[in-house]
Amino acid sequence: TISTGSCSTFPSPCFSKAPTYYQTSMMSEQNMSNETMLAFAIPNPGDTFGRVMRVKKPAPEKDHALIRVLRAGVCNTDIEILQGYMGFHGVLGHEFVGIVEKVNGNETQQQEWLGKRVCGDINVGCAECSICTNAHHLDEKCSQMSRNHCPNRSVLGILKRNGAMAEYLTLPLSNLHVVDDHISDEVAVFAEPLAAACRIPEQGLIQYEGGRPDRVAILGDGKLGLMIAEVLGREHFARVSDSDKHPVPVLFGKHEQKLRLVKASGVDCRLVSECIDKSSFNGVASAHAGKYDVVVDATGSPAGLTLAAGLCRPMGTLILKSSCAAGEKFNAAPFVIDEITVVGSRCGPIDKALELLAIKETGADGGRHPLHVEKYITKAFLLSEAEEAIECAAEKSTMKIQIICSEK
């Protein structure tokens with residue numbers, strides 16, 4: 001694994017530690033039957049800690065698959081959940097790659113999926129409501145509404161569905177995407193966070209046609225911000241015929257070493273201090289104030305949202321790509337006065353992400369550079385070490401943490 005950070009030996013202050021009696025009771029559970037599996041879970045509603053424990057092994061419902069998880073990724077959302085976000089309890093995690101071991105379906109489904117290495121869409125709809133059936137043809141008006149917005153949905157490791165930090169999980173067959181053989185497990189785990197970045201072009205929020213393509217700024221050099229830079233930099237060069245004549249997307253971040261990681265994506269990397277001027281009326285330097293048609297806020301902080309509004313031109317678009325568990329007073333005045341359109345952007349196309357991860361050589365697929373996402377991995381832990389993995393992921397110096405849940 002290529003290291004892009006380090007994990008100290010000190011426990012993270014971001015979530016509570018499991019009580020000692022949970023740790024000792026876990027040891028007596030190790031020899032339980034094959035009907036259970038090892039997992040990292042939040043035991044009870046209201047708990048703000050997770051622990052490695054044995055839980056019931058899931059059985060696939062009709063048209064579902066039982067997937068043996070090979071690797072899972074740790075996301076900032078997981079850290080937020082351990083602080084109380086979404087009120088979730090159960091097995092954590094929504095980024096994964098695994099192998100289909102059982103299919104509850106017909107012979108055709110068995111032949112199509114058994115033994116396949118897969119990633120999966122994390123939203124599971126009810127398949128019955130008007131959103132899931134696209135009864136009002138909203139998918140034609142709102143890109144992939146049925147995939148993301150069933151009002152009765154469960155979400156892998158986030159809402160009413162056990163997640164990926166376990167030996168096994170289940171998902172509907174319709175949620176699964178086959179991973180190309182040449183994509184390694186550690187790379188395939190990036191499919192879900194990369195898909196979240198791909199959601200922005202999928203929503204059509206950036207205009208490339210016409211006399212001038214949109215000027216784009218990205219705020220935040222965390223894991224999600226860097227994924228967005230990887231996608232939007234490549235999208236610019238793929239969609240703009242005379243790209244050398246138009247400004248490329250700008251990524252503003254706090255850390256030079258992180259900004260260097262996305263140089264090959266084609267974005268212009270700058271320190272966020274360059275666009276801040278506390279003496280100005282809105283705190284934004286004149287060289288950047290109101291200069292961008294589209295601003296993507298991936299900071300997950302109230303201060304980032306305020307800065308993003310200052311960067312956005314009047315009647316521009318501000319895209320929110322991260323959630324934050326902490327509450328804060330909200331000043332709506334800049335958005336109303338400048339008539340800024342604020343758009344949420346969440347889960348994206350896994351198939352598109354896998355297509356990007358499959359690029360092997362420079363010049364392939366429209367001249368886009370390979371992503372080489374391995375550079376973002378700080379460390380991999382065994383599933384039995386998941387508590388240590390979560391602590392490491394919560395540290396600011398850490399990039400991406402992965403958990404090895406089983407071997408091929």
Side-chain angles (χ1 to χ4, degrees), residues 4-18 22 39-53 69 71-96 122 155-159 161-166 189-190 192-194 196-197 219-228 253-255 258 297-305 320-328 346-347 376-383 385-405:
T4 56
S6 60
C7 299
S8 74
T9 57
F10 299 100
S12 166
C14 293
F15 51 91
S16 304
K17 293 290 288 181
Y22 280 134
F40 178 79
I42 300 172
N44 303 298
D47 286 346
T48 54
F49 62 84
R51 66 181 177 98
V52 177
M53 56 191 292
V69 183
R71 284 194 178 220
V74 182
C75 173
N76 280 346
T77 301
D78 300 319
I79 306 302
E80 294 281 346
I81 288 172
L82 284 163
Q83 295 175 323
Y85 175 62
M86 296 296 292
F88 176 77
H89 72 283
V91 179
L92 206 58
H94 55 277
E95 303 173 1
F96 78 94
I122 68 174
V155 185
L156 188 71
I158 296 174
L159 177 68
R161 177 171 287 268
N162 280 333
M165 295 181 192
V189 175
F190 283 87
E192 196 283 330
L194 188 63
L219 267 183
D221 58 7
K223 295 179 281 292
L224 181 55
L226 295 175
M227 290 293 103
I228 293 168
K254 294 181 178 180
H255 311 91
K258 291 183 179 181
D297 177 22
T299 65
S301 72
L305 179 59
L320 299 181
K321 278 303 301 184
S322 55
S323 57
C324 185
E328 186 78 7
R346 197 167 58 95
C347 302
Y376 295 113
I377 302 173
T378 297
K379 192 173 181 180
F381 293 82
L382 298 175
L383 180 56
E385 304 169 323
E387 292 171 53
E388 184 181 350
I390 296 292
E391 290 178 358
C392 180
E395 296 184 12
K396 290 184 177 181
S397 62
T398 301
M399 290 298 292
K400 199 66 181 176
I401 294 298
Q402 293 187 352
I403 297 174
I404 301 170
C405 298

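Position 1 is the first residue of the sequence; numbering continues from there.
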Not counting sequence neighbours, which residues clear side chain to side chain donor-acceptor pair (under 3.5 Å) with [X]? List them please.
X	result
N76	K223
Q402	R71
H89	none

Check your understanding: Step by step, would you call I403 with F40 a side chain to side chain contact (heavy atoms under 4.5 Å, CB included)?
Key -> CA-CA 10 Å; I403 297 174; F40 178 79; 5.8 Å; no

Exercise for review: State which residues pass side chain to side chain contact (heavy atoms under 4.5 Å, CB included) with T77; sequence neighbours excluded, sorted by chain then number.
Suggested key: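 Listed in chain order: C75, I81, Y85, H94, I158.
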
Practice item. With sequence neighbours excluded, tell me which residues meet side chain to side chain contact (heavy atoms under 4.5 Å, CB included) with L159. Key: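 Here the qualifying residues are M86, V155.
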
**Study point:** Worked verdict on F96 versus L156 for side chain to side chain contact (heavy atoms under 4.5 Å, CB included)
**Key:** CA-CA 10 Å; F96 78 94; L156 188 71; 3.8 Å; yes

Just so I know, are the side chains of [X] and [Y] near enough to count as touching, which here means a heavy-atom distance under 4.5 Å?
X	Y	result
I122	E95	no
K379	I401	yes
T378	E395	no

What is the distance from atom [atom1] of [X] to atom [atom2] of [Y], rounded to the nearest 0.5 Å?
X	Y	atom1	atom2	value
I377	T398	CD1	OG1	13.0 Å
E385	E391	CD	CD	12.0 Å
D297	L224	CG	CG	10.0 Å

Exercise for review: Determine, step by step, whether L92 and L82 satisfy the side chain to side chain contact (heavy atoms under 4.5 Å, CB included) criterion, reporting the C-alpha distance in whole Å, the side-chain angles of both residues, the deciding distance to 0.1 Å, and the verdict.
Suggested key: CA-CA 9 Å; L92 206 58; L82 284 163; 4.0 Å; yes

Exercise for review: Report yes or no: does D47 contribute a side-chain atom to a donor-acceptor pair with the main-chain N or O of I42 at less than 3.5 Å?
Suggested key: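 The answer is no, because no donor-acceptor pair under 3.5 Å joins these two groups.
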
Check your understanding: Between the main-chain N or O of G90 and the side-chain N or O of N162, is there a donor-acceptor pair closer than 3.5 Å?
Key ->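 Here the side-chain-to-backbone pair does not exist.
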
Where [X] and [Y] come nearest, the two heavy atoms and their spacing:
X	Y	value
A166	V91	CB-CG1, 3.9 Å
K400	F190	CG-CZ, 3.8 Å
R346	K321	O-NZ, 3.0 Å
K258	K396	NZ-O, 3.8 Å
G300	S322	N-OG, 2.8 Å
A72	A164	CB-O, 3.6 Å

Exercise for review: For V52 and L383, run side chain to side chain contact (heavy atoms under 4.5 Å, CB included): C-alpha distance rounded to whole Å, both residues' side-chain angles, the deciding distance at 0.1 Å, then the answer.
Suggested key: CA-CA 8 Å; V52 177; L383 180 56; 5.6 Å; no

